[in-house]
Every structure is written in C-alpha cells, then in structure tokens.
Colleague: 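Structure below; questions to follow.
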There are 2 protein chains.
Amino acid sequence: MSDPIKPKSGKRSSSARQSAPTLDDVARITGLSPITISRALNNPKLVRPQTIEKVMEAVARTGYIPNMQAGSLASRRSRLVAAIVPQLTNAMFVDTVQGLSDQLAAHGYQLLLCLTGYSQKHEEELVSAILSRRPDGIVLTGINHSQELRKTLLSAAIPVVETWDLTPTPIDMLVGFSHEKIGSRIGEYLVGKGYRRFGFVWADDERAAIRRRSILDVLGKQGIVDAPTALVPTPASLQLGRQGFAELFAARQDFDVIVCSSDALAQGVITEATVCGISIPGQLAVMGFGDLDFSAHTSPAISTIHIDKRALGVQAADALVAKIQGQPLAERIIDVGFELIERETT
Amino acid sequence: MSDPIKPKSGKRSSSARQSAPTLDDVARITGLSPITISRALNNPKLVRPQTIEKVMEAVARTGYIPNMQAGSLASRRSRLVAAIVPQLTNAMFVDTVQGLSDQLAAHGYQLLLCLTGYSQKHEEELVSAILSRRPDGIVLTGINHSQELRKTLLSAAIPVVETWDLTPTPIDMLVGFSHEKIGSRIGEYLVGKGYRRFGFVWADDERAAIRRRSILDVLGKQGIVDAPTALVPTPASLQLGRQGFAELFAARQDFDVIVCSSDALAQGVITEATVCGISIPGQLAVMGFGDLDFSAHTSPAISTIHIDKRALGVQAADALVAKIQGQPLAERIIDVGFELIERETT
DNA sequence: GTTGAAAATGATAGCTCTAGCATTTGGTGC
DNA sequence: GCACCAAATGCTAGAGCTATCATTTTCAAC
C-alpha cells in the first residue's frame, strides 16, 4: 500500500519521460490500483471518501487529465452527441442548437456540430465520418434522408433524433412539427382575414416548400390560383426579402398580402414596401414564419408562426439521453406544435 | 495469405457475435493483415491499387466503420478541434463558427462546439472536459482567461487560437482585431462629423466595454464628458435596443447621436426613435457595430464597423491546422482589422 | 473473538487501432 | 540465374482506459 513514490516504471522509461501523466501514474503515486483511480473519478460512489481525497490530491499534483478516447474505447460510451444542421447562419437553427448544446451539457454530453450546407450528399459523407467517432447519439435536421443514410444509421444501431419536421416513420425518434399544418393554418388564417391577392417570398428550402404547397392547397379551394412567388436562396435575410418583394412588385402591384418563408424575409418585404410608400398593414399585409427575436419588436410587429425552437433542441437532447441511458421512452414522436401569432402586419 | 474466410477467431467468440465489424474482420476476409487495412484506408499511397480495391470491397461488404477512438488512441491524433464560444444566439459569433466549421471540414477536422454563456468559471470546467477528448487544437473566444486556464492549456501543449480580440501576449496564436482601435475610430469619426451629445446603448460584455472606454477617451479629449449609457444584457437584440433608447430618451431628449455595441441594438434604437417621431439621421444619428447581414439593407441603412467575421473563423482554422501539421507559421498574431462603414444613419 | 454480508479494492483481459521496425515480394540490370 | 533496391506487406508491442469477476477489508451482530 504505502509504496514510496517512484518514477514511472519499466517498458520505455529512461528516455522519453515527458509524456502527460496517465491513470497508471496516479495509481502509482497513490499506491492504489488503476481501476480504483478510474472509479474514484467516474463512479465515486464505489470508493471510500478518504480514498477519493487521496486520488484527487494526486490528480491535482500531477495535472492528470483523463484520456476519454481510451475510456470510451474500453467502455463503449463516448458521451458525445453529433448534430447535423444545414447552416448556422440561418437564424432558425441557432436557438435549437443552443438548446441542444445546453441540455446535453447538463446531462454531461458534448456536442459535435456538423454543418451540411443543405447538401444531402454531404450529409451522407458526414454521417460516416461522424459514426467513426462512435457518438452515443445523433441529431438530424429534417426527415428527408437518403436510403443509404437510413441503412447506415439503422445498422449502426445508434439512437437518432430527427427534428424540424414530422413523419409517422422516423428512423428512430423525432422531435418536430408539421409544416403541412402550418401551411394550412396560414392559408386559412389569411383567407379568413379576407386577403385574396397573394404573393410569396420564399426561400429555396425543402421544408419551406411543404408549407407553401399547403398554403396553395387552401388557396386553391377558395379559387385563388394565381399567386406569384419570388424564390430566394438560403439563408434568408432582410436583403433577400427586399429583393423578393421588389421582384414581385415590378410584375404586379395589386397584392394584398405577401407571405414569407421566414421573418427575416418578412422584415425585408416590410422595409422595401415601406420604402416604396406602401403602408403596412393598411395597403399590404405581411406574414412571416419563425418568430425570430426581433419579430415582436419591429414596427409594425410581424404576424408570424411561433415555434419554440429552443425547446425543440432541449427535447431532442432529453429524448436522446433517455434512450442512451436505456430509460423507457414515453413517446417516439414528439410534436412540439406551433402557434400563429397575430401582430400588426396582418 | 489465402486463408479461407473463417468466423471471427478465439478470445470470446462463441457467444456475443453481433458486435460491429472491426479492422480485424476486414483483415480476415481479405486475407491481409490489419495494418495493411489500416494503411489502405488512411494512407493509400503505401498500398498497391489492387489491394486497396480488395479492401474497399470487403469494407463495403461488411459495412465496416473505422473506430476513430481506437485510431486516435494509437496515433495520438484526434482530428478534432474544440471551439469555445460564449453563445450562439449572439449573431456576432455565428459567422465565425460557420467559417471555422467549414474550413476545418475542408482540412478533414471536425468541430466540437462548446457554449459557455459568458461564464469564466464554466469556461475553465469546459476546457478540462474538452482536453480529456484530446482535441488537436482549441479555439477560444476572447483573450481574458483565468490563470488556471492558461496554465492548463500550456501544460497540455496543445495548439490554441484566441479570437475576437487582440493582445501582444496570446497563450499561443491569435486571430482577432483591436477593440480599442475600433473605439477610437468610432469616437473620432463621430466627433469629426460634429456630433457632441452622445448616448450609449451598450451590451454588458467585456469586449464591448473596451470599445466604449476607448470612445469615451476620445470624447474626453474633446471635453465631452457627459454621455449616458443604457446597459443591456447579452445577447443584444432589437428589443433591447428599443428599451435602451427608451430609457435614455426618458431621461434626456437632446442626444444627437446614439452609439450602440451592436447592429441589432442599433436597429432597435432606430425603430424606437422612429416610433417616437424622431427622424434619422435628421434629428438623431445612430452608430452600430458588427455589420450584420441586415445592416446594409435596413432603411435607413446602418453606419457600422465591419468585421470579416467569417474570415476570422477561416483564418483561425488555417492557423490551427498549420500548427497541428507542424508547418512553420507565418504569424502568431493575425489582426484581421476592421472597417468603418458610413451609411445612412450618421 | 468469530461470523457473515456489504463495501472497497484488485488482477486480468480486453476495447480497436497504429507506430516502428522487420520481412517479403517484384522487378531491374547484368 | 543472381544480386540488389524499392515497394508492399507483416509482426510485435503498445496507446490508456474499463468490464468482469475475484479477493480483501470493514464492521455490525453475536
């Protein structure tokens, strides 16, 4: 037990004695066995308080930093969760990633962040690269993944959460909301308010496309078939909103409502319309999506669809962690819903 | 060499034969040795093309996914870079993180993202947790780190890039810009334009504080000593800008310029002032910081300080990768500079 | 003191891959 | 056919940790 402290033993001692201290070093200077050090650090319940103290002291003295790669390799747990997100410069995803990161951290997990730039091919490569890190779970954005990807993930038998959309057949778990329902809701709401001459300023993004289709379905039933769209690239921005509106307005001036695929675009439409001397909502209504941080506070304030983006990330984290830890999951599919918020622009 | 394909050998065969295939499995079914498989996958130059083909086929057939944890453990390279950022909901950092992620990916590195919420204590814990993953490099935000942290990082002997600020004594490398210079520049510019009655709407953030101090120094030299500040929490937002201005305006109405610590705040100040019937820049000038995506396109467009936030991330990635790969670094300290952009609000 | 169960600690055997050096192969020149 | 060199492949020995089961210690109860 009370071996005197001696220099690192055998194997390759003499020369390169400048590598970082390992668990064995701590074991040696405390006179304990490596496994006890491991337990003191990772599972303190199993170790006597006074032993833990001794270990901690040695850790502090040596500046020992555990090597999680070795630990993960041995224990087959990485405490790492990978998230795949199209882009961060899209304000939509930021809150979700922040919520995800915060909640994962609270559970002792860390976040490996991967940005695809909306490319499905890229997504597939990324997932392969990611899987070789053996994360304990993966968060995907959207539900539209290549068959290859689904297969890879299924055979990896790793917990997966898909987000930002809804499907009855997720790969594993899902935390999202229905773009179709949102579309119908927007359509019905605006038609109900009496608007008839629609224009769209819309980002070229798959989920946004679903919402638009769904709005058009509602409009179609009301006999509204002519609804021009200015398509803009992602990420949406105020500038693109201005451009989009300018484009629509150049072709036609009698819109009574412009529907936007995000609040950033809506803000741009409002700006451009205002500059053109159009009063909002007097002469033109504007509808957004996303309820970004500014949307309630612009003048006029933007009517929009609110989604609890942060909660989406938090719940994705919770679902993932629960599954990782083998807790029975209440729901495989969580619909976080949405809320239409009527403000001043409609 | 041409051993027949046989089931996984020895050790603990019989029972749990459902674990993922390993490099040894691929070796066995190709009749090659594990190290050759490793080389075929990681260092193909060393392997005959026809051998590589054989390996690839076996990899595809088995669905083998390399275990990077084991690889990293053996090779002491993780191809992982950790970035520590205060918060993502602060639009300022998003572009940098995106640039960092993109550029790292281009070099074959992945990003471990950690959000501190502006807490230095949290940062210290985070770094410890991060180091146990043995990243090949670390990106920090800011230069103001606890002594403990500096010591930990130095003794870990890991490449570090500090960002978003400038100091002659970085821990290792630095990619940033001078908040002091920006402050002086803003001060001189606004004084030069003839403004005298200053108000500040300012986020409670350490780097912003440096800029403000520096502006005040310039003003002081002009005999301008009375410059009230509305301090708001981070992350800055349009809403907080409105609140901040309302607060200032309630106390005093004769401002001729409001300086803001970010464009989001500036947008809020403009909105609130406009709602109050104050014309901008006619009756009141507004100065921002950051040149966010909307700043050039609001009406009126916001005068601001432009920083190439994305380039900052990209250069941080480049510096880190260069150092990791042992290339001699041109500069330890990179000042990405800034540009004052005069638009319509001043 | 002895007993016995619970608590604490330890020994062994991996986890999966790669560095470093050793060996084999293939082809060239004579 | 043989020596020789570069290219290709292989062997051995870890990298640093934990799972699993075995052993020892502790301490209450008698």
Side-chain angles (χ1 to χ4, degrees), chain A residues 1-3 8-13 15-16 19-28 30-55 59 62 64-79 131-134, chain B residues 1-3 8-13 15-28 30-55 59 62 64-79 131-134:
Chain A
M1 239 243 201
S2 53
D3 257 10
K8 206 170 184 174
S9 81
K11 322 233 165 173
R12 39 156 211 171
S13 59
S15 57
S19 57
T22 70
L23 198 114
D24 283 339
D25 295 318
V26 178
R28 196 165 324 100
T30 53
L32 291 159
S33 76
I35 186 69
T36 300
I37 312 300
S38 170
R39 281 197 280 249
L41 296 172
N42 302 317
N43 221 340
K45 290 167 278 211
L46 298 179
V47 180
R48 230 183 345 172
Q50 81 190 73
T51 307
I52 292 181
E53 210 173 314
K54 203 157 56 172
V55 171
V59 166
T62 54
Y64 169 64
I65 293 177
N67 185 327
M68 232 177 157
Q69 294 172 163
S72 299
L73 180 60
S75 68
R76 297 152 165 287
R77 280 179 291 100
S78 62
R79 297 210 152 259
L131 283 178
S132 63
R133 296 203 186 267
R134 300 293 189 268
Chain B
M1 236 239 201
S2 53
D3 258 10
K8 205 169 185 174
S9 79
K11 324 233 162 166
R12 42 155 210 170
S13 60
S15 57
R17 279 289 36 257
Q18 204 48 323
S19 56
T22 70
L23 198 110
D24 282 338
D25 295 315
V26 178
R28 196 165 323 100
T30 53
L32 293 158
S33 77
I35 186 69
T36 301
I37 311 299
S38 170
R39 282 196 280 248
L41 296 172
N42 301 319
N43 221 342
K45 291 167 276 215
L46 298 178
V47 179
R48 226 180 350 164
Q50 79 189 73
T51 306
I52 292 180
E53 210 173 310
K54 206 158 54 171
V55 170
V59 166
T62 55
Y64 169 65
I65 294 176
N67 185 329
M68 232 177 156
Q69 294 172 161
S72 299
L73 180 60
S75 69
R76 299 154 164 285
R77 282 179 288 101
S78 63
R79 296 209 152 260
L131 283 178
S132 64
R133 294 201 186 270
R134 299 294 189 267

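All chains are named by letter (A, B, ...) in the order of the sequence lines, taking the proteins before the strands, and each is independently numbered beginning at 1.
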Colleague: In a table with atom names and distances, give each donor-acceptor pair under 3.5 Å that connects a side chain of residues 34-42 of chain A to protein atoms at least two apart or in another chain.
Modeller:
{"unit_1": "A/Thr36", "atom_1": "OG1", "unit_2": "A/Ser33", "atom_2": "OG", "d": "3.3"}
{"unit_1": "A/Asn42", "atom_1": "ND2", "unit_2": "A/Ser38", "atom_2": "O", "d": "3.3"}

Colleague: Just to confirm, is there a sub-4.0 Å distance from OP1 or OP2 of C/dA19 to any side-chain nitrogen or oxygen of B/Arg76?
Modeller: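 Indeed not, no polar side-chain atom of B/Arg76 lies that close.
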Colleague: Find the distance A/Lys45:NZ to C/dA6:P and express it as a whole number of Å.
Modeller: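 Taking NZ of A/Lys45 and P of C/dA6, I get 19 Å after rounding.
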Colleague: Could you check B/Ile65 against B/Arg39 and say which one's nearest nucleotide on DNA chain C is further toward the 5' end?
Modeller: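 With B/Ile65 and B/Arg39 compared, the 5'-side residue is B/Ile65.
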Colleague: Ignoring backbone atoms, test whether A/Ser33 places a side-chain nitrogen or oxygen under 4.0 Å from the OP1 or OP2 oxygen of C/dG10.
Modeller: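 So the side-chain polar atoms of A/Ser33 do come within 4.0 Å of the phosphate oxygens OP1 or OP2 of C/dG10, strictly under.
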Colleague: Please give me the minimum heavy-atom distance between B/Ser78 and B/Ser72, naming the atom from each residue.
Modeller: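 In terms of heavy atoms, the two residues are closest at CA-OG, 3.5 Å.
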Colleague: Which is more 5' along DNA chain D, the nucleotide nearest B/Pro34 or the one nearest B/Arg134? Just name the residue.
Modeller: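 Its nearest nucleotide lies further toward 5', so the answer is B/Pro34.
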Colleague: In this structure, how many angstroms lie between the P atom of C/dA7 and the CD1 atom of A/Ile52, rounded?
Modeller: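 The answer, rounded to whole Å, is 15 Å.
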Colleague: Please determine, for the side chain of A/Thr36, which listed nucleotide (C/dT16, C/dG10, D/dA8) has the closest atom?
Modeller: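 Of C/dT16, C/dG10, D/dA8, C/dG10 is nearest to the side chain of A/Thr36.
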Colleague: For A/Ser75 and A/Ala70, take the nucleotide of DNA chain D holding the closest heavy atom to each; which residue's nucleotide lies nearer the 5' end?
Modeller: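 The residue mapped nearer the 5' terminus is A/Ala70.
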Colleague: Mind calculating the distance between CG (B/Asn67) and P (C/dT16) to the nearest angstrom?
Modeller: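 Roughly 7 Å, once rounded to whole Å.
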Colleague: Could you check which of C/dA8, D/dA8, D/dA15 has an atom nearest any side-chain atom of B/Ala74?
Modeller: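 Per side-chain heavy atoms of B/Ala74, the pick is D/dA15.
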Colleague: Less than 4.0 angstrom between a side-chain N/O of B/Tyr64 and OP1 or OP2 of C/dT16, yes or no?
Modeller: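 Result: no.
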Colleague: Please determine whether a side-chain nitrogen or oxygen atom of B/Thr51 lies at a distance below 4.0 Å from atom OP1 or OP2 of D/dT9.
Modeller: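 Yes, because at least one side-chain N or O of B/Thr51 sits under 4.0 Å from OP1 or OP2 of D/dT9.
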Colleague: Once you round it to whole Å, what is the distance between P of D/dA15 and CG of B/Leu73?
Modeller: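 So the CG-P distance, B/Leu73 to D/dA15, works out to 9 Å.
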Colleague: Is there a side-chain polar atom (N or O) of A/Asn42 under 4.0 Å from OP1 or OP2 of D/dT18?
Modeller: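 Indeed, a polar side-chain atom of A/Asn42 lies that close.
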Colleague: Using every non-hydrogen atom in the two residues, find where A/Val26 and A/Thr62 come nearest and quote the distance to one decimal.
Modeller: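 Heavy atoms only, the tightest pair is CG2-OG1, 4.1 Å.
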Colleague: C/dG20, D/dA19, D/dG16: which one has an atom nearest the side-chain heavy atoms of A/Ile35?
Modeller: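 Nearest to the side-chain atoms of A/Ile35, counting from C-beta on, is D/dA19.
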Colleague: For a quick test of reading the model, state the closest non-hydrogen atom pair linking B/Ala20 to B/Asp25 and the distance between them.
Modeller: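 That closest heavy-atom pairing would be O-OD2, 4.2 Å.
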Colleague: Which whole-number value in Å describes the distance from A/Leu41 CG to D/dT18 P?
Modeller: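 So the two atoms are 8 Å apart, to the nearest Å.
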Colleague: Could you check whether A/Ser72 gets within reach of a base, just the sugar-phosphate, or nothing at all, counting any heavy atom under 4.0 Å?
Modeller: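 Here A/Ser72 touches no strand at all.
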Colleague: Round to the nearest Å and state the distance from A/Leu32 atom CG to C/dG10 atom P.
Modeller: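 Rounded to the whole Å, the gap is 5 Å.
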Colleague: Could you tell me the separation between the CD atom of A/Gln69 and the C1' atom of C/dT18, rounded to a whole number of Å?
Modeller: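 That distance rounds to 13 Å.
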Colleague: Has the side chain of B/Asn43 got a donor or acceptor atom that lies under 3.5 Å from a matching backbone atom of B/Leu46?
Modeller: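 No; zero donor-acceptor contacts below 3.5 Å.
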Colleague: Between D/dA7 atom C1' and B/Arg48 atom CZ, what is the distance in whole Å?
Modeller: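 So the CZ-C1' distance, B/Arg48 to D/dA7, works out to 9 Å.
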Colleague: Does the side chain of A/Arg77 get closer than 4.0 angstrom to OP1 or OP2 of D/dA19 through an N or O atom?
Modeller: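 So the side chain of A/Arg77 is within the cut-off, an N or O lying under 4.0 Å from OP1 or OP2 of D/dA19.
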Colleague: Looking only at heavy atoms, which two atoms of A/Arg134 and B/Gln69 are closest? And how far apart?
Modeller: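 Where A/Arg134 meets B/Gln69 most closely, the heavy atoms are CB-OE1, 3.8 Å.
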Colleague: Tell me whether the OP1 or OP2 atom of D/dC17 has a side-chain N or O from A/Ser38 closer than 4.0 Å.
Modeller: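 So the side-chain polar atoms of A/Ser38 never come under 4.0 Å of the phosphate oxygens OP1 or OP2 of D/dC17.
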